[in-house]
Structure formats: structure tokens, C-alpha cells
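We use all heavy atoms of the structure for the numbers below, so side chains are in, but hydrogens, waters and symmetry mates are not. All of these numbers come straight from a predicted model, not from anything done at the bench.
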Amino acid sequence: MKQLWAPWRMEYIQGEAGKGEGCVFCGLGDPSNDPGRLILRRGDHAFVLMNKFPYSNGHLMVAPYRHTCDPGVLSDVEALEMHRLLNLARDVLQEKFSPQGFNVGMNLGQIAGAGVTDHLHMHIVPRWSGDTNFMPVFADVRVIPQHLQATYDYLAPAFSKNAQAGGDGVNPAFGDGD
């Protein structure tokens, strides 16, 4: 019998994810530990990060720095930057993983499936033909073929390369969240 190892899931299983002081997204304004927090790209008003509890390999999120659960209160600049970062994430995922499609969206409110209900964020999940199997159905387990840090190390250079080229329309100097 083969074993599947996903030690980062234990935090989620034991209900420790999201516990602690404050919002999980609001404490990410300081870029000094971006690799440890799985932040791949910063703009002036929003950022791209990996989901610590992914549905598939390469599951990313885009969140504004501003704490809000209502997309209607985002400024045009914030909304545009989130959209541009989503496009950048899609381009990088396409380049690095060659998925055949993507699920993109927001879960607004707990009943809609939001794990973090008070700070909006968009998900982008790469998909491949045949990427579903019996594990989620029978064992309530998702098989992620690569460790989170290895995925970060694989994707980060592509985000950095694009930022240096200015190809995403986002400030390449990493915004400070103001």
C-alpha cells in the first residue's frame, strides 16, 4: 500500500486554520517573509498568494490589501489591479503547468463556501482532464502531487520575471499596500 503525505493539511483538519488574531489576509502587508507566507506577487492594492489548503496543485488567490467582504466597495483601481493580477496568475499557471482550463471565482459568505468570510479574495484553480478521482469522493482526501513550498519555488521566478518586464500592468517595485 502506498502512503500519501500532506503534512500541511493537518492544520486544516484539526481546525487550526484561520484561528488566531485577526484576518489571515490583513497580516500580510509586510513583504519581508513573502516566501514563508506563499505570496507570489504584490501590487499597490492587491497581491497573489498560494492557497495553503489547495483544491489542486497551483491553486492561487488574489486579495486586496484593504479589509472588506464586499466587492462593491472596492475602488476602480483596486478592482482593476485584482483583475490584472488574476490574469497574471492565469498566464503564469498556463506557462508553468499547462492546464486545460481554470475555475475562477469568489465565495461571498459562509453559505457560499467562503472559508474566510470577512476579507474577499478570488480563487484561480488550474484544471486538467482526468484530474478528479475517487479519493475526494470515498476518502475525503485531495491528492496534491507537489509540496506547497516546491510549488512556490517553481512559480515564483515566473511571477518575478513578468514583474521585471512590467507585463502585468502592476507596479514592479512591489506596492506597500497603501
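- More than 12 heavy atoms of other residues, nucleotides or ligands lie within 6.0 Å of CG in N33, so this atom counts as buried by the packing criterion.
- You'll find the side chain of R41 stays beyond 4.5 Å of the side chain of F47, heavy atoms only.
- Side-chain contact between M122 and M82 is present, with heavy atoms from C-beta onward closer than 4.5 Å.
- For the atom pair SG (C23) and CG (D118), the distance works out to 5.0 Å, reported to the nearest 0.5 Å.
- Under the 4.5 Å side-chain criterion, counting only non-hydrogen atoms from C-beta, F159 is in contact with L60.
- The number of heavy atoms from other shown groups lying within 6.0 Å of NE2 (H83) does not exceed 12.
- Minimum interatomic distance between A89 and I124 (heavy atoms only, all atoms of both residues): CB-CG2, 4.1 Å.
- In this structure the side chain of V48 never reaches within 4.5 angstrom of the side chain of M61, judged on heavy atoms.
- Taking CG from L93 and OG1 from T151, the interatomic distance works out to 10.0 Å, rounded to the nearest 0.5 Å.
- Under the 4.5 Å side-chain criterion, counting only non-hydrogen atoms from C-beta, L120 is in contact with P64.
- Atom CD of E78 is separated from atom OG1 of T68 by 8.5 Å, given to the nearest 0.5 angstrom.
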**Stepwise side-chain contact (heavy atoms from CB on, under 4.5 Å) check, H123 with N51** = CA-CA 8 Å; H123 294 264; N51 190 320; 3.7 Å; yes
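- Expressed to the nearest 0.5 Å, how far CG of N57 lies from CG of L155 amounts to 8.0 Å.
- Across every non-hydrogen atom of P71 and M106, the tightest pair is CB-CE, 4.5 Å.
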**Message:** With ring pair (Phe, Tyr, Trp, His ring centres under 6.0 Å) as the criterion, how do H119 and H121 come out once you've worked through the C-alpha distance, each side chain's angles and the decisive distance to 0.1 Å?
**Reply:** CA-CA 7 Å; H119 195 131; H121 53 284; 7.6 Å; no
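- Here the closest non-hydrogen pair linking P126 and G58 is CD-O, 3.4 Å.
- Note: the hydrophobic cluster containing L108 also contains V62 (ILVMFWY, side chain heavy atoms under 4.5 Å, direct or indirect links).
- Using a 4.5 Å heavy-atom threshold, the side chains of Y154 and K96 count as touching.
- By the 4.5 Å heavy-atom criterion applied to side chains, H45 and R66 are not counted as neighbours.
- Counting only heavy atoms from C-beta outward, the side chains of R42 and Y65 approach each other to under 4.5 Å.
- Interatomic distance, CZ of R90 versus CG of L86, reported as 7.5 Å (0.5 Å rounding).
- A pairwise comparison of heavy atoms in P157 and D153 identifies CD-O, 3.1 Å as the closest pair.
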**Message:** Does Q94 form a side-chain contact (heavy atoms from CB on, under 4.5 Å) with F102? I'd like the steps, not just the answer.
**Reply:** CA-CA 9 Å; Q94 188 66 53; F102 296 94; 3.5 Å; yes
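- The hydrophobic clustering, which links ILVMFWY residues whose side-chain heavy atoms are closer than 4.5 Å, places V104 and L88 together.
- For the atom pair CG of L148 and CE of M50, the computed distance is 5.0 Å after rounding to the nearest 0.5 Å.
- Listed for the Q100 side chain is no donor-acceptor partner under 3.5 Å among the backbone atoms of R127.
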